[in-house]
Amino acid sequence: GENVEQHPSTLSVQEGDSAVIKCTYSDSASNYFPWYKQELGKRPQLIIDIRSNVGEKKDQRIAVTLNKTAKHFSLHITETQPEDSAVYFCAARFNNAGNMLTFGGGTRLMVKP
Amino acid sequence: GAVVSQHPSWVICKSGTSVKIECRSLDFQATTMFWYRQFPKQSLMLMATSNEGSKATYEQGVEKDKFLINHASLTLSTLTVTSAHPEDSSFYICSAEGQGAEQYFGPGTRLTVT
């Protein structure tokens, strides 16, 4: 079935450094890739998304890149701050699954001050 | 915009009873809503897709007679956990689909079955 792999499962960085989280997906026809941030005990919040017709999207300190050939996409956070500490989930929408999203396993990001 | 509410935020019930959880899109209409279950420190597991005016589509391994879903309007979907057992204790989160097929999540409901 559809599969989304996310790495690393935990990531610790120093404040001000960059953080990169990578995901791979199985269905080459997937067309929508959102990223969610979930703080402890709270709902997942959509922070950025990318559709299959573009290769990169940026929003202030956050950027997402998509490589359709290799079937992977990445989240880049620059100038990390302690408030960036959270669990981040990637997801992919597979064409043969309606509008369902399949989520990666999550990455716990810790930004040390 | 794109606010989704969920009620209750937490509930404790006795084994064998039923619990209803509501998911509402407050400022937009959602033809499609999704119900997820999340275990501690784990990812979101899709339970079912809820479509307004039609039967829900359940994921493999999810008992439709145990987890009853009703999507009676474009702003409300409900999940009823029937005959709850301790193993049903979990964090249940709904999401509502926006116009561009983005999903906006509710705050979640923590269910504890004693």
Side-chain angles (χ1 to χ4, degrees), chain A residues 1-11 21 23-25 29-54 57 59 64 85-110, chain B residues 1-7 9-10 21 23-26 28 30-52 54-62 71 90-110 112:
Chain A
E2 300 84 359
N3 192 40
V4 177
E5 300 274 346
Q6 184 171 346
H7 297 282
S9 56
T10 60
L11 178 60
I21 303 170
C23 287
T24 60
Y25 57 97
S30 300
N31 58 11
Y32 175 63
F33 308 90
W35 284 89
Y36 289 87
K37 175 184 180 182
Q38 187 177 28
E39 296 177 41
L40 190 63
K42 296 189 177 180
R43 76 185 81 193
Q45 296 271 17
L46 178 66
I47 56 172
I48 196 167
D49 57 13
I50 191 167
R51 298 180 193 269
S52 57
N53 57 345
V54 298
K57 185 176 178 181
D59 182 4
V64 56
S85 297
V87 178
Y88 291 80
F89 292 100
C90 66
R93 185 174 67 205
F94 296 92
N95 265 359
N96 64 349
N99 282 340
M100 284 167 37
L101 292 175
T102 299
F103 284 82
T107 297
R108 184 170 299 275
L109 173 64
M110 292 167 284
Chain B
V3 179
V4 177
S5 72
Q6 207 170 320
H7 178 80
S9 55
W10 60 270
I21 303 169
C23 178
R24 292 180 187 273
S25 55
L26 298 185
F28 68 104
T31 305
T32 304
M33 292 186 178
F34 302 88
W35 287 96
Y36 295 86
R37 187 170 177 177
Q38 187 175 33
F39 292 102
K41 297 186 179 181
Q42 291 191 25
S43 190
L44 297 141
M45 299 299 297
L46 180 66
M47 297 174 66
T49 302
S50 167
N51 293 295
E52 187 266 338
S54 63
K55 290 185 181 179
T57 303
Y58 290 82
E59 293 304 296
Q60 195 171 9
V62 178
H71 194 154
S90 191
F91 193 54
Y92 293 88
I93 308 182
C94 71
S95 69
E97 188 177 81
Q99 280 191 332
E102 318 86 27
Q103 287 188 31
Y104 300 98
F105 283 85
T109 297
R110 185 160 301 284
T112 302

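Throughout, protein chains are lettered first and strands after them, A, B, ... in sequence-line order, and every chain is numbered starting at 1. In this text the structure is predicted, and so the values were computed from the model without any measurement.
Of the residues considered (B:Q42, B:Q38, B:Q6), B:Q38 shows the highest number of contacts with chain A, using heavy-atom pairs under 4.5 Å.
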If you look only at distance, which donor and acceptor atoms sit under 3.5 Å apart when one is on a side chain in residues 101-109 of chain A and the other is two or more places apart or in another chain?
{"unit_1": "A:T107", "atom_1": "OG1", "unit_2": "A:Q6", "atom_2": "NE2", "d": "3.0"}
{"unit_1": "A:T107", "atom_1": "OG1", "unit_2": "A:P8", "atom_2": "O", "d": "2.5"}

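At least one side-chain heavy atom of B:I21 sits less than 4.5 Å from a side-chain heavy atom of B:W35.
Here the SG-NE2 distance, from B:C23 to B:H71, works out to 8.0 Å after rounding to the nearest 0.5 Å.
Contacts of A:P44 with chain B are made by both backbone and side-chain atoms, with heavy-atom separations under 4.5 Å. Proximity to chain A is absent for every atom of B:T32, based on heavy atoms less than 4.5 angstrom apart. For B:L46, the part lying near chain A is the side chain, with the backbone staying farther off; criterion is any non-hydrogen pair under 4.5 Å.
Residues A:N31 and A:R93 bring a donor and an acceptor atom of their side chains to less than 3.5 Å of each other.
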